[in-house]
Amino acid sequence: MRTDFARLRVDQTVAEALEAIRRSAVGGRIVYFYVLDSDDRLHGVIPTRALLLSPPESRLSELMVKRVISVPPDATLLDVCDLFLLHRLLAFPVLDQQGRMIGVIDVEHYTDELLQLGDRELNDDIFQLIGVRLAKVRKASVPQIVRFRFPWLLCNIGGGLLCAVLSQRFEWVLAEVIALALFIPVVLALAESVSIQTLTLTLQSHHGTRANWRRWFGELAAEAPVGLLLGLGAGTIVGGAAWLWLGAPAVGVTVAASITAAVGVAAMLGIAVPALLWTMQRDPRVASGPIALALTDLATLTIYFGLAALWLTG
């Protein structure tokens, strides 16, 4: 934040304010004029147009905008980014717990900081999502890179082997309704895609912020209807295609219901896995991707074969 911002006093008139601005030596550019009291508590903001065009005898307290969006001192760059995108303002005042103004975040100053940090943090987040710390592999030798990356493949190997065991347990279902095998890839792909989407959004929303159980449960509650609607839309399309293609209404309904349920569960796993790792005091950005995908595959096949066994077999 900048600390050289344009300060005005709440008891001043426009003429007094303009004279005070001329006498002050504000080093940076002036975006907004902030109206403070004698204790530096923020009362409002004066738009430049209002200050220049109002009569000299007008009181600042009558012209100022009293509803001001402020930023706490411990806000992160991502927090401020959300505010700039949401409110389209050029600057935000930084207030302490007592409402005293201690600085200002200027969009120009902010973007300079963001450009310096953004590329590095974005790359780190992307690589950590798949189980790789970018800082470790940039200058590592080939054996070291393999050692860093291979352990996370064990999640996929373990999940794949469990899926194979699960498929073997339901082999009789596939033998009785062979058409089910045609749709396993698309059912898995849809669930995995939604799981990674939710996981990525969750990790981004928690980046640089403090997590707590109330927030995790709130995100689960908000994601549940989204996952179900995504699953319902995708399930309707794929199930309808199966119905028309095979001329088997029961298979189409089973595929549609399986995708709806599997995608809903996958969306929940995209939040539940980072929450579980956070509970275990592990970095969710590093391990969430491989674990979430493995669990999503297992849950998806269990739902798919379970509904098929219930509805399509005698």
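Remember, it's a predicted structure, so these values are computed and weren't measured experimentally.
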Locate the shortest heavy-atom distance separating Met268 from Glu223; write the atom from each residue and the value.
-> CE-C, 3.5 Å

Under 3.5 Å: donor-acceptor pair, side chain of Asp37, backbone of Asp39 | yes

Work out which heavy atom in Leu269 is nearest to a heavy atom in Pro274; give both atom names and the distance.
-> O-CD, 4.0 Å

Would you call Arg9 and Asp11 a salt bridge, using N to O less than 4.0 angstrom?
-> no

Would you kindly confirm whether Leu307 and Ile237 end up in one hydrophobic cluster when ILVMFWY residues are joined by side chain heavy atoms under 4.5 Å apart?
-> no

Establish whether Phe183 and Leu166 are linked, either directly or via other cluster members, by ILVMFWY side-chain heavy-atom contacts under 4.5 Å.
-> yes

Worked check of side-chain contact (heavy atoms from CB on, under 4.5 Å) between Thr260 and Thr236 = CA-CA 8 Å; Thr260 301; Thr236 300; 5.9 Å; no

Val165 vs Leu161, side-chain contact (heavy atoms from CB on, under 4.5 Å): CA-CA, chis, key distance, verdict | CA-CA 6 Å; Val165 172; Leu161 292 176; 5.6 Å; no

Heavy atoms of Phe5 and Ile102 approach each other most closely as CE2-C, 4.2 Å

Non-hydrogen atoms of His43 and Met64 that approach each other most closely = O-CE, 3.7 Å

To the nearest 0.5 Å, atom CD1 of Ile105 lies from atom OG of Ser70 at 12.0 Å

Do Thr202 and Glu219 have a side chain donor and acceptor closer than 3.5 Å?
-> no

In the single-linkage hydrophobic clustering (I, L, V, M, F, W, Y; side-chain heavy atoms under 4.5 Å), do Leu188 and Val186 co-cluster?
-> yes

Among the clusters formed by ILVMFWY side chains lying less than 4.5 Å apart, do Leu89 and Val65 turn up in the same one?
-> no

Taken to the nearest 0.5 Å, the spacing of Trp216 CH2 from Ile271 CD1 works out to 8.0 Å

Please assess Leu51 against Leu60 for the test side-chain contact (heavy atoms from CB on, under 4.5 Å), listing each intermediate value before the final yes or no.
-> CA-CA 8 Å; Leu51 187 63; Leu60 298 187; 4.0 Å; yes

Output for pair (Phe305 CZ, Leu312 CG), nearest 0.5 Å, gives 12.0 Å

Take Trp245 and Leu182 through the side-chain contact (heavy atoms from CB on, under 4.5 Å) test and state the conclusion after the steps.
-> CA-CA 11 Å; Trp245 178 27; Leu182 300 173; 3.8 Å; yes

Just wondering, do Leu230 and Val226 contact through their side chains at under 4.5 Å, heavy atoms?
-> yes

Taking only residues two or more places apart in sequence or in another chain, which ones pass salt bridge (charged side-chain N to carboxylate O under 4.0 Å, His left out) with Glu19?
-> Arg22, Arg23

Below 4.5 Å, heavy atoms only, C-beta onward: do Ile184 and Leu180 meet side chain to side chain?
-> no

Polar side-chain atom of Ser195 near backbone of Ala191 as donor-acceptor pair, under 3.5 Å = no

Heavy atoms, side chains only, cut-off 4.5 Å: are Phe33 and Ile21 in contact?
-> yes

Pairing residues for Arg59 by the salt bridge (charged side-chain N to carboxylate O under 4.0 Å, His left out) criterion, not counting sequence neighbours = none

Taking every non-hydrogen atom, the tightest pair across Ala256 and Gly235 = CB-O, 3.2 Å

Is the number of heavy atoms from other residues, nucleotides or ligands under 6.0 Å of Gln98 CD greater than 12?
-> yes

When rounded to the nearest 0.5 angstrom, what distance separates OH in Tyr304 from OG1 in Thr254?
-> 8.0 Å

Residues which pass side-chain contact (heavy atoms from CB on, under 4.5 Å) with Ala15, listed by chain and number, not counting sequence neighbours = Thr13, Pro56

What are the two closest heavy atoms between Val68 and Pro93, and how far apart are they?
-> CG1-CG, 3.6 Å

Value rounded to 0.5 Å, distance of CG in Leu277 from CD1 in Ile291 | 5.0 Å

Shared hydrophobic cluster for Leu298 and Leu174 (ILVMFWY, side-chain gaps under 4.5 Å) = no

Parallel, tilted or perpendicular: ring planes of Tyr34 versus Tyr32, cut at 30 and 60 degrees = perpendicular

Ser54 OG to Leu18 CG distance, which is reported to the nearest 0.5 Å | 9.5 Å

